[in-house]
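Sequence positions, counted from 1, serve as the residue numbers for this chain. The figures that follow rest on heavy atoms only: side chains count, while hydrogens, waters and symmetry mates do not. What you see is a predicted model; the values in this text were computed from it and never measured.
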Amino acid sequence: MPLDNLQVVLNERPKDAIIPGTTFRQQVTPAPTEADLKDGDILVEVLYLSLDPAMRGWLNNDRSYLPPVQIGAVMRATGACRVLASKSPNVKPGDIVSGLPGWQQYAVLRPGAYEPQSNFPDVQDPKNIIAMYGLTGMTAWVGMTQIGDPKPGELVVVSGAAGATGSVAGQLAKARGARVIGIAGGDDKCKWLVDELGFDQALNYKDPDFKAKFLEATKDHIDVYFDNVGGEILDLSLRQAKEFSRFVMCGAISQYNTSEPIGPRYITRIIQMRIKMQGFIVFDHVKQYPEARAELAKLLGEGKLKTSIHLLKGGLKVAEQGLVDLYKGVNTGKLIVELKNPDESPAKLPLMARSESGDKGAAAAPTAAANNGQDDALAMVGEQSHAIDPVVAARVVRKIDYFLIPTMVLGYGLVYYDKAILGSAVLFGMTTDLDLAVPSAHGKLDTRRLSWATSLFYFGMLAGLYPMTFALQRFAVGRVLGLVVVLWALVCMLTAAVTSWRGLFAQRFFLGFVESVIPTGFMTIVAGYYTQREQSLRQGWWFSSTGLFTMIGGALNYGFAQVRGGGLARWQYIYLLAGSLTFAFGLLCFAVPSSPVSAWFLTKEERFVAVERLRAGQTGVRCTKFKPSQLREAALDAKTYLIFIMMASCYTMNGAVSGFGPLIVSTFGWDTLQSILLQFPLAGICFFVILGVGHLGGRFTNIRVFLLVGTCLPVIAGCALIWKSAWTHHAAAPVVGYSLTGFFGGTASLIITLGMANVAGHTKKSFMAATIFVAYCVGNIVGRSWCGPRPRASITRRCG
């Protein structure tokens, strides 16, 4: 049987605006077949359709560069298509082509009505052949570079700057050294133009003070004006034009939906200022497409050009409303309708064998999977994809960052400060007060009790990791975090009441048990709120608090070193302060939402966008049902074991540094206060390296493994420097080597990101997060045990 071909045809010509349900109508016809092809023809299925401002003009029965769409004819539109059958020697089935298929699922494209895949740069995403490398990019390139021709330092103004063509045109001008002002409809769009695309300034034409702001911004007068809207903004630009300026007339979207368009009032400026005002049609410049695409590809590769696609999902049923919304300015960047995801199998033509049972089985699988414990996200947005505004999505990410990142930096900073306090406390009398170091039979100082005190913290973490992880998945995240962190604060403050090494052992174990909730919780929070590309930087942000709080903790400990007198020992004051700070953080934790679905700091619309934007990554948001199948998958995944080995190896070295840092430095011939201050260089390196690798990992693809290797090399060099240098009074070389080991923070951060990225399913993400910190604990235990049972003077040589 032939395939059904859903089409949208012109029902009646609109007098002004397009009327949904009236201007167009849908119909179903038999799809064309291979038998319909002539020499040079290709049969295609449409993947994506472009929505462009020019389409409104094609509906008018007026003389123009293209004949009007006829009543009853398929609506004209450019699209990205997949070839099903071909009688062209240049195209084969499976190729992606650009053409004019119109608003329908299947079409026959004649020679000259399509561009083969070979005409485009190495395009990974088919949408780009109708966006950056399609008519949008070609229009922007021709208009800006060939007609506008901006020079370095010139003032360029682009109207409709947040649209598909305007956003590219402005970036092209910027790449040529011009000063660029964009005009858009909304503060969010203006912020996007400046922050993301690099425009020098952006003005909101909906602002009541727009006219005054425009006149002020263009007081030096306009060299190049790229017009997409016409109307009043064109008038203002003519008023502000410089002598011999160039006006590129690309579009006039403000006039398309009116039967009485408004002409420019300052037309005499064209004469007075000797303005060159030129309209153009991109089809007249076909021979320049290769040059344009080469330059666009080069700028994209250099990071000087960015593309934004506003994707509408729902097929032809949403195309009509999408076109209406285009003229309302709801989109940011290129507006595209998805008819079929290119990852789906091509349609099977009637001449080819078809297995109905196989198709049904494939279709049934997702349904079964969806019913096996529905995610909170699916309950909100459903199983069908929805279009989201990139500007709203960017605002959502900012609001999530503003709440989560400071909270996580504070939380993990307290974890790191709390577990590292012991290294400073032993310098303030704790070793003597609690009998942590005793003379051995050989007359040397036996520090095994001190080593066990540090190691038991990680045994406690090991015991708590999986129960806490289960609790975070099963119950409300904020409540679990809040209750456990308050308990952690109480355990921490009770350290001041410990009177023996046995009591300290118990305290350290329970402290590790309750603190295990933080690292696994933070890793799953990041994985549940951010896309894979965003996670590297965010994991790095909260993990960077290891360096930040080493500095903050060092400053606090240095202050406590000045304390004289009082009813308590100095190390007791340290634990009371740490516990008090942790208690305050515990109260804050009650406000942490379980997922974007329940994020109280987002509006209802923003929560929807926060969930929908994660759909493409297919990593899920949150599901309270424990899924054994995901647990089995994680256990059988080789990646789990590789990450475990890497993390454990990294923290074997760090186990000694974080636990005995000031003690280690004191063996280089420095006193107590100096040893605390000399933690700052290592902490600073750790802090900035973590942020650096997080930024680079998020900005560039496929470099995290190389960054990981790169961060290991300074650590190796630092250990070698400690090992081979002389430990004299105030020895500098071993301190330099010790500071270089701070690069380990970048290594650990990258391992976390590698472990958590591309892990789908909340159960599997939780298991992976817990596994990473099991390795973290094992490494710390091994590192401390290796260095601990030695005389104090030999600790660092063993660790180096």
Side-chain angles (χ1 to χ4, degrees), residues 41-55 76-84 86 88 90-143 163-165 167-169 171-172 281-283 285-301 305-313 315-316 319 322 326 331 333-344 346-347 387 390 616:
D41 290 353
I42 58 174
L43 173 60
V44 300
E45 62 176 351
V46 183
L47 303 176
Y48 299 104
L49 287 172
S50 174
L51 298 184
D52 300 295
M55 296 171 73
R76 180 185 297 135
T78 58
C81 312
R82 178 161 51 197
V83 178
L84 300 178
S86 173
S88 168
N90 301 320
V91 178
K92 63 182 184 299
D95 281 357
I96 303 296
V97 301
S98 170
L100 282 167
W103 284 10
Q104 57 185 337
Q105 292 175 293
Y106 305 95
V108 172
L109 301 182
R110 308 300 182 191
Y114 61 88
E115 285 193 84
Q117 191 169 355
S118 58
N119 281 17
F120 299 92
D122 185 18
V123 178
Q124 302 297 322
D125 187 347
K127 294 188 287 293
N128 273 331
I129 71 172
I130 55 173
M132 186 61 73
Y133 298 126
L135 295 183
T136 295
M138 300 303 96
T139 301
W141 185 88
V142 170
T165 302
S167 60
V168 177
Q171 293 180 83
L172 288 172
I281 299 299
V282 71
F283 299 135
H285 301 266
V286 172
K287 293 182 179 179
Q288 293 178 289
Y289 286 3
E291 179 186 355
R293 286 169 179 152
E295 181 175 346
L296 293 174
K298 179 176 180 292
L299 292 173
L300 281 168
L305 185 61
K306 297 179 181 178
T307 183
S308 176
I309 292 177
H310 188 142
L311 187 64
L312 299 179
K313 295 193 175 186
L316 289 170
L326 174 70
N331 62 300
K334 181 64 179 176
L335 190 58
I336 292 176
V337 178
E338 182 184 85
L339 270 63
K340 185 171 185 178
N341 191 307
D343 292 333
E344 297 178 32

Within the structure provided, determine whether [X] and [Y] are in side-chain contact (heavy-atom separation under 4.5 Å).
{"X": "L326", "Y": "N331", "value": "yes"}
{"X": "Y133", "Y": "L300", "value": "yes"}
{"X": "P93", "Y": "L43", "value": "no"}
{"X": "L84", "Y": "P346", "value": "yes"}
{"X": "Y114", "Y": "S88", "value": "yes"}
{"X": "L135", "Y": "F283", "value": "yes"}
{"X": "V168", "Y": "W141", "value": "no"}
{"X": "I309", "Y": "N128", "value": "yes"}

Inter-residue atom distance [X].[atom1] - [Y].[atom2], 0.5 Å rounding:
{"X": "N90", "Y": "D95", "atom1": "CG", "atom2": "CG", "answer": "10.0 Å"}
{"X": "T136", "Y": "I130", "atom1": "OG1", "atom2": "CD1", "answer": "8.0 Å"}
{"X": "K92", "Y": "S86", "atom1": "NZ", "atom2": "OG", "answer": "10.0 Å"}
{"X": "E291", "Y": "H285", "atom1": "CD", "atom2": "NE2", "answer": "12.0 Å"}
{"X": "I129", "Y": "E115", "atom1": "CD1", "atom2": "CD", "answer": "8.5 Å"}
{"X": "L312", "Y": "I336", "atom1": "CG", "atom2": "CD1", "answer": "9.5 Å"}

Can you give me the closest heavy-atom contact between [X] and [Y], atom names plus distance?
{"X": "D41", "Y": "P111", "result": "OD1-CD, 3.2 Å"}
{"X": "V91", "Y": "P116", "result": "CG2-CB, 4.0 Å"}
{"X": "L49", "Y": "A77", "result": "CD2-CB, 4.2 Å"}
{"X": "L339", "Y": "Q105", "result": "CD2-CA, 4.2 Å"}
{"X": "M132", "Y": "M138", "result": "O-CE, 4.1 Å"}
{"X": "A140", "Y": "A169", "result": "CB-N, 3.7 Å"}

Do any N or O atoms from the side chain of [X] and from the backbone of [Y] form a donor-acceptor pair under 3.5 angstrom?
{"X": "D52", "Y": "A54", "answer": "no"}
{"X": "E338", "Y": "L311", "answer": "no"}
{"X": "R82", "Y": "P342", "answer": "yes"}
{"X": "Q171", "Y": "S167", "answer": "yes"}
{"X": "Q117", "Y": "I96", "answer": "yes"}

